[in-house]
Amino acid sequence: MLFWIIAACLAVFLVGMMIWRGQKNASPSSAAETDPPVSSEPSPTGPSTGAPAPSPAWRPITTDGWKLTLVNFQNPVPEDHAIQTVTLTNGLRVDERCYDDLQAMMDACREEGLNPVICSGYRTHEEQEELFQNKVDRLIEQGYSETDATREAGKVVAVPGTSEHELGLAVDIADMNHQLLDESQEDTEVQKWLLEHCWEYGFILRYPTGKSDITGIIYEPWHYRYVGREDAEQIRALDVCLEEYLAEN
């Protein structure tokens with residue numbers, strides 16, 4: 001009899017344990033309640049893998065739009081463009097906003113025992129027209145048709161309305177001892193110094209070698225354009241022309 005009582009008690013105990021386990025497994029315990037919620041907002045560090053977000057594309061540093069005004073065969077001088085000019089000691093003029101940096105660059109070049117000379121600065125639209133037509137006439141004298149002469153002239157002298165000289169931010173600088181404005185200018189000590197240091201004063205070589213297909217102008221190792229010191233430094237570091245620099249933004 002005692003055996004059957006013990007067996008009955010054991011059976012009741014086992015049944016109770018089975019019921020208790022079933023109730024525990026049936027209780028709410030979904031991952032949505034036990035795991036931290038997943039935000040639908042992008043992670044500040046990038047994708048969910050935890051990898052850093054990609055760096056933003058480089059872009060012009062300055063907020064002064066006038067410094068980076070793009071003028072070329074596709075982008076004429078803005079109709080509302082207006083500047084105040086300052087007259088240099090040789091009678092040429094430049095935009096007064098670039099004068100201090102231009103003067104500092106010229107002084108620094110001279111302190112190295114060199115003799116830079118500014119041979120062209122700001123031009124009015126009428127002056128650019130005269131310069132362009134003179135080039136066309138010379139080419140016609142060489143046997144070019146008027147159409148061909150006009151096309152070829154545009155590779156050397158900007159078509160009126162598309163010249164940076166009309167902005168007042170461009171200057172042509174030559175070596176006093178070698179004032180030919182051709183590729184031989186790059187071999188002068190003045191140009192070697194300017195190519196190395198012009199960016200420190202906010203200037204870039206506007207029409208560098210190998211970029212004619214982009215700028216529309218032949219290589220001119222004498223034509224410098226003011227863009228401001230910060231952007232000039234970045235353009236130099238990236239080894240791009242102004243068109244490429246602005247196209248990325």
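Values below: all heavy atoms of this structure, side chains included; hydrogens, waters and symmetry mates excluded. Small disclaimer: the values here were computed from a predicted structure and weren't measured. Start at 1 with the first residue, then count along the sequence.
- Of the possible donor and acceptor atoms, one in the side chain of Q185 sits under 3.5 Å from a partner among the backbone N and O of H178.
- Residues L195 and P221 have side chains not in contact (no heavy-atom distance under 4.5 Å, counting atoms from C-beta outward).
- Note that CZ of R206 is 6.5 Å distant from OG1 of T215, once rounded to the nearest 0.5 Å.
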Begin from the C-alpha positions of N72 and N75 and carry the test side chain to side chain donor-acceptor pair (under 3.5 Å) through to its verdict.
CA-CA 5 Å; N72 56 24; N75 298 276; 2.8 Å; yes
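- In this structure, K67 does not pair ionically with E230, as no charged nitrogen and carboxylate oxygen lie closer than 4.0 Å.
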D175 vs Q179, side chain to side chain donor-acceptor pair (under 3.5 Å): CA-CA, chis, key distance, verdict:
CA-CA 6 Å; D175 191 310; Q179 298 189 41; over 6 Å; no
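- Here the CG atom belonging to D231 is positioned 9.0 Å from the CD1 atom belonging to I204, to the nearest 0.5 angstrom.
- Between E164 and R225, at least one side-chain nitrogen of the basic residue sits less than 4.0 Å from a carboxylate oxygen of the acidic one, meeting the salt-bridge criterion.
- Once rounded to the nearest 0.5 Å, the distance linking OH of Y224 with CG of D172 reads 10.0 Å.
- A donor-acceptor pair shorter than 3.5 Å cannot be found between the side chains of H125 and Q128.
- Between H223 and Y207, the ring planes are tilted. Angles from 30° to 60° get that label.
- The nearest pair of heavy atoms linking K135 to A153 is CG-CB, 3.8 Å.
- S212 places a side-chain N or O within 3.5 Å of a backbone atom of I217 that can act as its donor or acceptor partner.
- Note that the CG atom of D182 and the CD atom of E220 stand 11.0 Å from one another [nearest 0.5 Å].
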Evaluation steps, side chain to side chain contact (heavy atoms under 4.5 Å, CB included), between T124 and R93:
CA-CA 10 Å; T124 64; R93 294 181 293 162; 4.0 Å; yes
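- Taking all atoms of both residues into account, the shortest heavy-atom contact from I214 to F73 is O-CE2, 3.8 Å.
- When all heavy atoms of T209 and Y219 are compared, the pair lying nearest together is N-CD1, 3.2 Å.
- Using a 4.5 Å cut-off on side-chain heavy atoms (C-beta onward), N177 and T188 make no contact.
- I83 pairs by the side chain to side chain contact (heavy atoms under 4.5 Å, CB included) definition with H81, T85, D95, R97, Y122, not counting sequence neighbours.
- Considering OH of Y144 and OG1 of T150, their distance stands at 12.5 Å, rounded to 0.5 Å.
- Although no hydrogens or angles enter the test, the distance criterion places no donor-acceptor pair under 3.5 Å between the side chain of S163 and the main chain of P160.
- Using a cut-off of 4.0 Å between Lys/Arg side-chain N and Asp/Glu carboxylate O, K211 and E244 are scored as salt-bridged.
- In this structure, L68 and L242 approach most closely via the heavy-atom pair CD2-CD1, 4.2 Å.
- When only modelled atom types and interatomic distance are considered, Q191 and D187 share no side-chain donor-acceptor pair under 3.5 Å.
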Test side chain to side chain contact (heavy atoms under 4.5 Å, CB included) on Y245 and L238; report intermediate values, then the result.
CA-CA 8 Å; Y245 185 58; L238 294 166; 4.1 Å; yes
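- Side-chain atoms of V117 and I173, non-hydrogen and from C-beta on, never get closer than 4.5 Å to each other.
- Atom CD of residue Q133 and atom CZ of residue R138 lie 10.5 Å apart, to the nearest 0.5 angstrom.
- K192 has a carboxylate O that lies under 4.0 Å from a charged side-chain N of E189, or vice versa, which qualifies the two as a salt bridge.
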